[in-house]
Structure formats: structure tokens, C-alpha cells
Amino acid sequence: MIETELTEEEAEHFRLVTELEFVQCLGNPHYLNHLAQNGFLARSDLVNYLKYLQYWKLPEYARLIKYPVCLHMLELLQYESFRKECTNPQCTKYIEDQVLLHWQHYTRKRVAIHRNMHLHHLATTAAAAEPLTTDHPVP
């Protein structure tokens, strides 16, 4: 086996990518249920790690996140009561349903916003293209 040593920059990048992947997994209610049912969410080392991961809510890191619901779950995981509830399959199903409803509403709302922006842009462009008229002749 050939061992290669990572440079400090490569190790930092690897850590960032690994933490990003883990944080985004927290957006999956079934993964949270798995962690809770196997006792991981009750372990103090994981609870401390979840506290450490709060830095992902800072804008310079949050911009890397593809699934923003994971930040909300990360926040909820700071509370022991939520971590305990994650063992309940009904809670998992409820969270999953709420996430899906949010995405459906968000998608419809976003489409409507983009359609209105497009129509506004077309109206503005058409108005700008019309020649100016005056009430009296220009000399």
C-alpha cells in the first residue's frame, strides 16, 4: 500500500468537502432517524460536532450548500428534545412531509416570481423601444 501525505491545503479542502457532505445529509429526515435509532444523536461527541458545524450558517459557507433545509435541521439538532424525537418514525414522516410541502410551495412561488419578472422586463423593453411623442412639433 502506498501512503501519500496530503498537503495542509489539500487536507483543509478534504475536511471542508467532508463536512459539507455531512451537513447536507442532515437535511434527510430518514438519515436523522437512522442516527437517532442507532444512538448517535445521544452521544456527546456528535452533539459537540453538531455545535461546531454551526459555522455553516455563515454566508461564506452557506453559499456552498445545495439543500438549505439542512441548515434548519442543524439548528433543530442543537436541542435535545428534537434529537430524541428523531427516533420516532412518525416524527420522521412528518418532517419529510413538511419538507416536501415547502419545496412544492417554493417551486410554484419561484416560477410565479420569475414569470412576473419576465413579463415586467418585456413591458419595460417594449416601452423603451417606443419613440417619444410630444404635444408640439420639434423644430
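Since we're looking at a predicted model, the values are computed, not measured.
Here the closest heavy-atom approach between residue Leu77 and residue Leu41 is recorded as CD2-CD1, 4.1 Å. Shown here for Cys70 and Gly27, the closest heavy-atom pair between the two residues is CB-N, 3.6 Å.
Judged purely by atom type and a 3.5 angstrom limit, Gln24 uses its side chain to pair as donor or acceptor with the backbone of Lys66. Between the side chain of Glu19 and the backbone N or O of Leu53, no donor-acceptor pair lies under 3.5 Å. No donor-acceptor pair under 3.5 Å is formed between the side chain of Asn33 and the backbone N or O of Pro29. In this structure, Glu10 contributes its side chain and Thr7 its backbone to a donor-acceptor pair below 3.5 Å.
For residues 25-46, every residue pair satisfying the salt bridge (Lys or Arg N to Asp or Glu O under 4.0 Å) rule, not counting sequence neighbours, is listed here: Arg43-Asp45. The list of salt bridge (Lys or Arg N to Asp or Glu O under 4.0 Å) pairs with a residue in residues 71-83, not counting sequence neighbours, reads Lys57-Glu75, Glu80-Lys84. Residue pairs meeting the ring-ring contact (aromatic ring centres under 6.0 Å, His included) criterion with at least one member in residues 6-32, sequence neighbours excluded, are Phe22-Tyr49.
Residues forming a ring-ring contact (aromatic ring centres under 6.0 Å, His included) with Tyr55 (at least two apart in sequence, or on another chain): Tyr52, Tyr61. With sequence neighbours left out, Phe40 forms a ring-ring contact (aromatic ring centres under 6.0 Å, His included) with no residue at all. Evaluation of the side-chain hydrogen bond (donor to acceptor under 3.5 Å, both in side chains) rule for Ser81 yields no partner, not counting sequence neighbours.
For the pair Ile65/Leu20, a side-chain contact is recorded, criterion being any heavy-atom separation below 4.5 Å from C-beta on.
Enclosure of atom CD in Glu60 by more than 12 non-hydrogen atoms of other residues, nucleotides or ligands within 6.0 angstrom is indicated.
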